[in-house]
Amino acid sequence: MTKKEKIGQIGWNLVLLLITFIFMTPLIFMISMSLRTPDTVGLPKLFITDITFKNYVNVITNNPLLFKNLLNSVIITVSSVALVTICASMAVFGFSRKNVHGKVFIYNVILCTLMIPVAGLVVPLTQLNSTLGWINNYCGLIFPLTALGIPYAITILQGFMTGIPKELEEAALIDGCGTVRLFVQIICPLLKPGIIVIVIWQFLTSWNEFFLSMCTMTKENMKTLPLIAQQYNGAYFSQPGTLFAALTLVTVPMLVFYILVQKHFVRGLTAGAVKG
């Protein structure tokens with residue numbers, strides 16, 4: 001590598017570090033605010049030296065349902081991820097390999113649902129949940145989140161499915177492999193990179209869901225973790241440090257999860273981009 005190339009690489013690294021810092025500034029500011037005392041919370045500084053963990057103690061001690069809210073988020077998120085993964089992978093297998101009547105039309109209709117914003121579905125979904133008795137019920141969030149996640153998952157998995165040679169499936173069928181066994185033991189392992197992508201995406205989407213959760217979970221013991229900040233809207237209006245501590249507790253699990261799996265996420269998207 002020449003001297004000019006090294007200087008250029010250093011320059012690009014500095015630019016990327018600057019862009020990273022800009023995008024991380026809101027997160028850093030949120031954590032900084034959560035560690036401030038009432039005397040320093042109003043200072044226009046990004047970093048301070050006088051920090052305290054009292055705000056986190058207040059969130060935990062003053063919210064006895066915190067772990068119940070966390071459990072609600074875990075149950076809803078894990079359930080929606082599992083349902084989206086199973087339904088989307090089976091749908092892609094049927095669209096690509098089975099002679100389903102009207103499958104092209106059905107596939108296009110599913111893709112068209114990607115253009116519908118979630119905010120536009122909150123009112124009809126809430127009315128449907130009320131009719132079915134799913135208000136303050138896990139089903140009121142699990143099934144809507146699953147339905148909203150399936151179109152994106154099908155779009156991702158379709159690229160991987162078209163890259164699987166049909167000769168491999170024909171060989172398995174000749175050897176006596178049934179359809180269910182073919183799907184579970186042959187197709188699903190080959191779809192693993194795409195499945196990892198949709199698992200990560202659906203996890204982040206379900207964990208962050210706020211608007212639909214606010215309309216569906218009205219009881220305190222049924223609320224999800226992102227709704228904690230709303231509970232502090234009045235009681236802690238004069239204590240923003242406690243409010244930001246609650247927001248940090250909501251963000252940290254999602255951030256840790258993404259840091260652990262982001263390599264798989266990028267690798268899966270890159271692999272899917274060259275399929276078919």
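The model shown is predicted, which means the values in this text are computed figures rather than measured ones.
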> A side-chain contact here means heavy atoms from C-beta on lying under 4.5 Å apart; do L157 and S89 qualify?
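Heavy-atom side-chain distance check passes, below 4.5 Å.
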
> In chain order, what residues pass the side-chain hydrogen bond (donor to acceptor under 3.5 Å, both in side chains) check against Y107, with sequence neighbours excluded?
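Y107 satisfies side-chain hydrogen bond (donor to acceptor under 3.5 Å, both in side chains) with no residue once adjacent residues are dropped.
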
> Are T242 and N62 packed together at the side-chain level, in the sense that at least one heavy-atom pair is separated by less than 4.5 angstrom?
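No, too far: nothing below the 4.5 Å cut-off.
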
> Would you compute the distance between atom CG of L148 and atom CD of Q202 and round it to the nearest 0.5 angstrom?
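It is 8.5 Å, given to the nearest 0.5 Å.
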
> As an exercise, state the distance from CE of M217 to OG of S73, rounded to the nearest 0.5 Å.
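Here the rounded value is 9.0 Å.
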
> Just verifying a value: how many Å separate M30 CE and T248 OG1, rounded to the nearest 0.5 Å?
4.0 Å

> Kindly indicate whether the side chain of L35, heavy atoms from C-beta on, has any atom under 4.5 Å from the side chain of T52.
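Contact flag for L35/T52 side chains = no.
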
> Taking side chain as C-beta onward, heavy atoms only, is L121 less than 4.5 Å from F211?
no

> When you compare the side chains of T224 and E209, does any donor N or O come within less than 3.5 Å of an acceptor on the partner?
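No.
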
> Which atoms form the tightest heavy-atom contact between T61 and V57, and what is the distance?
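So the minimum-distance heavy-atom pair works out to OG1-O, 2.7 Å.
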
> Measuring from F95:CZ to I106:CD1, what's the distance to the nearest 0.5 Å?
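Here the interatomic distance stands at 5.5 Å.
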
> Do K68 and M222 make a side-chain contact, defined as non-hydrogen atoms from C-beta onward lying under 4.5 Å apart?
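Yes, close enough: below the 4.5 Å cut-off.
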
> With distance as the sole test, does T216 use its side chain to make a donor-acceptor pair with the main-chain N or O of S213 at under 3.5 Å?
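Not confirmed, T216 side chain does not pair with S213 backbone.
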
> How far apart are the closest heavy atoms of C177 and L173, and which atoms are they?
O-CD2, 3.1 Å

> Between the main-chain N or O of V59 and the side-chain N or O of N63, is there a donor-acceptor pair closer than 3.5 Å?
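Side chain of N63 to backbone of V59, a donor-acceptor pair under 3.5 Å: no, none is there.
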
> Quick one: are V84 and Y152 in side-chain contact, heavy atoms under 4.5 Å?
no

> Is the shortest side-chain heavy-atom distance between N69 and L227 below 4.5 Å?
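No - every pair of side-chain heavy atoms lies 4.5 Å or more apart.
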
> Enter the distance from I19:CD1 to F23:CZ here, rounded to the nearest 0.5 Å.
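Here the interatomic distance stands at 7.0 Å.
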
> Write down the atom of L111, the atom of P151, and the distance for their closest heavy-atom approach.
CD2-O, 4.5 Å

> About how many Å separate CD1 of I28 and CZ of F21, when rounded to the nearest 0.5 Å?
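It comes to 5.5 Å.
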
> Same cluster or not: L65 versus L243, using hydrophobic residues (I, L, V, M, F, W, Y) connected whenever any side-chain heavy atoms lie under 4.5 Å apart?
no

> Is there a donor-acceptor contact under 3.5 Å from the side chain of N55 to the main chain of R36?
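Yes, N55 side chain to R36 backbone: donor-acceptor pair under 3.5 Å.
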
> Evaluate the ring planes of F203 and W207, with Trp represented by its six-membered ring, and classify them as parallel (under 30°), tilted (30 to 60°) or perpendicular (over 60°).
parallel

> Donor-acceptor pairs are to be reported for all side-chain atoms of residues 134-147 against protein atoms at under 3.5 Å, with residues two or more places apart or in another chain.
unit_1, atom_1, unit_2, atom_2, d
N136, OD1, T218, N, 2.7
N136, OD1, T218, OG1, 3.2
N136, OD1, K219, N, 2.9
N136, ND2, T218, OG1, 2.9
N137, OD1, C139, N, 2.9
Y138, OH, N72, OD1, 2.6
T146, OG1, I142, O, 2.7

> For V122, is there any backbone N or O sitting under 3.5 Å from a side-chain donor or acceptor partner on T126?
yes

> Less than 4.5 Å apart, any side-chain heavy atom of E169 and any of I164?
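They are in contact (side-chain heavy atoms under 4.5 Å apart), so the answer is yes.
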
> Quick one: do I51 and T37 satisfy side-chain contact (heavy atoms from CB on, under 4.5 Å)? Show the steps, please.
CA-CA 7 Å; I51 64 174; T37 62; over 6 Å; no

